[in-house]
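Here is how names work: the chains are called A, B, and so on, in the same order as the sequence lines, proteins then strands, and each is numbered from 1.
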2 protein chains.
Amino acid sequence: MADVGRIAGVSAMTVSRALKGKSYIAKDTLERILAAVDQLGYVLDQSAGSLSSRRSGFIAAIVPSIDNSNFADTARGITDTLAQTSMQLLLGYTNYSVEREEELIESMLRRRPEGIILTGGKHTSKARVLLANAGIPVIETWDVPENPVDAVVGFSNTDAMEALVDSLVAQGYSRFGFITGSEASDTRGHQRHIGFDRALSRHGLTSNRVVAIEAVPIRMSHGGEAIRALLERYPDTDVAICVSDLPAFGAIMECKRMGLVVPRDIAIAGFGDYEIASISEPGITTVNVDSYGIGAQAAGQMIAMLENRGTAATITTSYHMLHRGST
Amino acid sequence: MADVGRIAGVSAMTVSRALKGKSYIAKDTLERILAAVDQLGYVLDQSAGSLSSRRSGFIAAIVPSIDNSNFADTARGITDTLAQTSMQLLLGYTNYSVEREEELIESMLRRRPEGIILTGGKHTSKARVLLANAGIPVIETWDVPENPVDAVVGFSNTDAMEALVDSLVAQGYSRFGFITGSEASDTRGHQRHIGFDRALSRHGLTSNRVVAIEAVPIRMSHGGEAIRALLERYPDTDVAICVSDLPAFGAIMECKRMGLVVPRDIAIAGFGDYEIASISEPGITTVNVDSYGIGAQAAGQMIAMLENRGTAATITTSYHMLHRGST
DNA sequence: CTGTTAGCGCGTTCAC
DNA sequence: GTGAACGCGCTAACAG
């Protein structure tokens, strides 16, 4: 930067101001500086800048998996919204492990992010301490935790699943199966299971037709295994709800291979409204949860909090049922 | 850090050494330091550290989209491999725009990454200048560019598509259609199209049955539109190759809706071996391209280059045909 | 509109 | 094994 200044015949400070674009600089001074920047191929060193200004320009975000279009959409929502500011996203994924989350939080805090966006409300106690000490806005997403760290942008997975069950009961189904993954790891899956149970008991139905695949995350292929297991144990099941559209799709395809017709022989529903749910034939009945909007709103709330415009609000995001051919 | 030192009764320097874990520290000194760190909830400030050590600990990676499981897998491969080191991934996506890539490169270079991993070999000239000036290892992936910037980890999309066409010709198909997206943006799609043309002319076949959807990126739903357009214009097409499995799946589902049986009435092949290709019924004939391995090998090569163990090598990654029920 | 001074929080280097 | 001095490249604060 000093080099640039030398060539342009100004001090480093003026170069700094010119490159920030926030202060008034004489037009010809600015031109000389930009010419020098071009000539040298100079690129600002933001790590030095952050040290001095005490603003890193980072927002950290941690999702369970990027290999899942719901969370990828959330990450996109965050990035796109952050693009309006000069903030940069520092993204990490936990593979659904709170221990890994703790490590990630620590390693990200070393970069002094100005805010941090997490998925869900389950964290190790050390993670909570780290977050508290960091003194930065924390936003938990994809859930409405009972004891939020700070702000929240999400929806009740329990309620959403209850609504799905209600609508299927209304359709006339009564022998419900549930296909899920490792609930110890996937807390949102666990919440959905709770919603499933609750809704069923409200309707006076039983709910022990459950297949839990102990794999993290649950994939399309697991849906196939699971539906076989479910139908073997409970052959009279008339509808199987899957914890996400991915296993739901796998289940539907497996049914096809088994010679069963969905939904005539067995109805199948998913959760999340992944693209496949609308494209698959039959289409998959599911719950749309606005994955992109969760990210966009979380980033928006973060920006507000950083500008002292917002406080630790809880923003509830919308979801809606999508009835398609699979039920 | 000075605070920690004060509590532990040592200098900040000793704290720094203790936290790095590379130097010898008396056992009880170390314990006192760790206790103080715990007590204060101290977290290292890596931005200050990088400024001083002139090592940011960042590797930048830029992919076209994270909302695509192939590139998400590559990102996972990079992260997982980097986890062996203390490097952190700085991830960005371009939405298939070289202009956006240029912006991203510049904003990432401000963080002084120690290396940068790009997708493909097409960059703006300014981007090339920025990369050259940065003086860090650059790895281009997912392709084998004619004029690589530095190292390369990828495969020839042209060759891979040629191999797919060859195998379908061997299966007896002769009236080939091609479904693709915006080739101006998706250079790998463009390469595949070239391979398609080349292979067909080698076999003395024509190749004008092409539907290009001008959307970026091409999604499942576009496959449906495209197959309709293709069959309307060229009703005698016997096999449609899609630029990726996503539109291939959309096309298969649309055929089902149109009452066509795949592959009896029309065969369909994809590219990329997304999970859906193996789960879908029928399974989708496709080319597996080791998306995760591209990331893992790129990161491995990056580590080697940073340790001066490797030079600007070109690593060719493997691909293989997967014949499934759709052809 | 521009320059000077000081210091951000570490790690490098050298000393002991 | 530990400490002191110094500087990384930039920007805040103040001056003019």
Side-chain angles (χ1 to χ4, degrees), chain A residues 1-34 36-37 40-58 86 88 106-114 133-136, chain B residues 1-34 36-37 40-58 86 88 106-114 133-136:
Chain A
M1 193 170 214
D3 296 338
V4 174
R6 212 163 297 130
I7 294 187
V10 294
S11 72
M13 193 59 241
T14 307
V15 177
S16 171
R17 280 193 274 248
L19 262 29
K20 279 264 133 30
K22 291 285 174 193
S23 353
Y24 290 98
I25 303 279
K27 190 176 282 175
D28 66 321
T29 311
L30 183 59
E31 278 165 10
R32 285 203 320 276
I33 292 175
L34 294 181
V37 164
L40 291 176
Y42 173 75
V43 175
L44 247 164
D45 186 332
Q46 201 164 169
S47 47
S50 351
L51 183 61
S52 174
S53 67
R54 320 189 49 66
R55 297 205 44 198
S56 67
F58 277 128
S86 55
Q88 215 166 114
E106 177 151 18
S107 78
M108 290 186 155
L109 287 180
R110 284 203 261 271
R111 303 288 184 177
R112 296 292 184 267
E114 300 182 33
N133 286 337
I136 55 177
Chain B
M1 195 167 204
D3 296 339
V4 175
R6 212 163 296 130
I7 295 188
V10 294
S11 71
M13 194 57 246
T14 307
V15 177
S16 171
R17 280 194 274 251
L19 263 28
K20 278 266 135 24
K22 291 285 174 191
S23 352
Y24 290 97
I25 303 279
K27 190 176 282 176
D28 65 322
T29 312
L30 183 60
E31 279 165 9
R32 286 204 319 279
I33 291 174
L34 293 182
V37 164
L40 291 176
Y42 174 75
V43 175
L44 248 164
D45 185 333
Q46 199 162 170
S47 46
S50 352
L51 185 61
S52 173
S53 66
R54 320 191 47 69
R55 297 205 44 200
S56 67
F58 277 128
S86 54
Q88 215 166 113
E106 177 152 18
S107 78
M108 289 184 156
L109 287 180
R110 285 203 259 270
R111 303 289 184 178
R112 295 293 184 268
E114 300 182 32
N133 286 338
I136 55 177

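Counting heavy-atom neighbours within 6.0 Å of B/Arg110 CZ, excluding the residue itself, gives a total above 12.
What separates CG of A/Leu19 from C1' of C/dT2 is a distance of 16 Å, to the nearest Å. Rounded to whole angstrom, the span from the CG atom of A/Leu51 across to the C1' atom of D/dG7 amounts to 12 Å. Rounded to whole Å, the distance from CE on A/Met13 to P on C/dG7 is 16 Å. Note: CZ (A/Arg54) to P (C/dG7) measures 14 Å, nearest angstrom. Distance A/Glu31 CD to C/dC1 P: 14 Å, rounded to the nearest Å. Going from atom CZ of A/Arg110 over to atom P of C/dG9 covers 17 Å, rounded to whole Å. One atom, CG of A/Leu44, and another, C1' of D/dG9, lie 10 Å apart when rounded to the nearest Å. The distance between atom NZ of A/Lys22 and atom P of D/dA12, rounded to the nearest whole Å, is 12 Å.
A donor-acceptor contact under 3.5 Å is formed by the side chain of A/Ser52 with the base of C/dG7. A donor-acceptor contact under 3.5 Å links the side chain of B/Arg17 to the base of D/dG3.
Between B/Met1 and B/Tyr42 the shortest side-chain heavy-atom distance falls below 4.5 Å. Residues B/Glu114 and B/Ser56 are in side-chain contact: their nearest non-hydrogen atoms beyond the backbone lie under 4.5 Å apart. Looking at heavy atoms from C-beta onward, B/Val43 lies in side-chain contact with A/Arg112 at the 4.5 angstrom threshold.
Distances shorter than 4.0 Å separate none of the side-chain N or O atoms of B/Ser11 from OP1 or OP2 on D/dT2. When the side-chain nitrogen and oxygen atoms of B/Tyr42 are compared with OP1 and OP2 of C/dG9, none of them lie within a distance under 4.0 Å.
Residue contacts shown for A/Ile25 are limited to sugar-phosphate atoms, with no base heavy atom under 4.0 Å away. B/Thr29 comes within contact range of the sugar-phosphate backbone alone, with a heavy-atom separation under 4.0 Å but no base atom that close. Residue contacts for B/Met1: at a heavy-atom cut-off of 4.0 Å it reaches the sugar-phosphate backbone alone, with no base atom in range.
For A/Ala26, taking side-chain heavy atoms from C-beta onward, the closest of the listed nucleotides C/dC1, D/dA13, C/dC10 is C/dC1. Comparing C/dC10, D/dA5, D/dG1 against the side chain of B/Tyr24 picks out D/dG1 as the nearest. Closest to the side chain of A/Ser16, out of C/dC10, C/dT12, D/dT11, is D/dT11.
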| task | Please test B/Ser47 against B/Ser50 for side chain to side chain donor-acceptor pair (under 3.5 Å), starting from the C-alpha separation and ending with a verdict. | result | CA-CA 5 Å; B/Ser47 46; B/Ser50 352; over 6 Å; no
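Where B/Gly9 and B/Ala48 each meet DNA chain D at their nearest nucleotide, the meeting point lying more 5' is that of B/Gly9.
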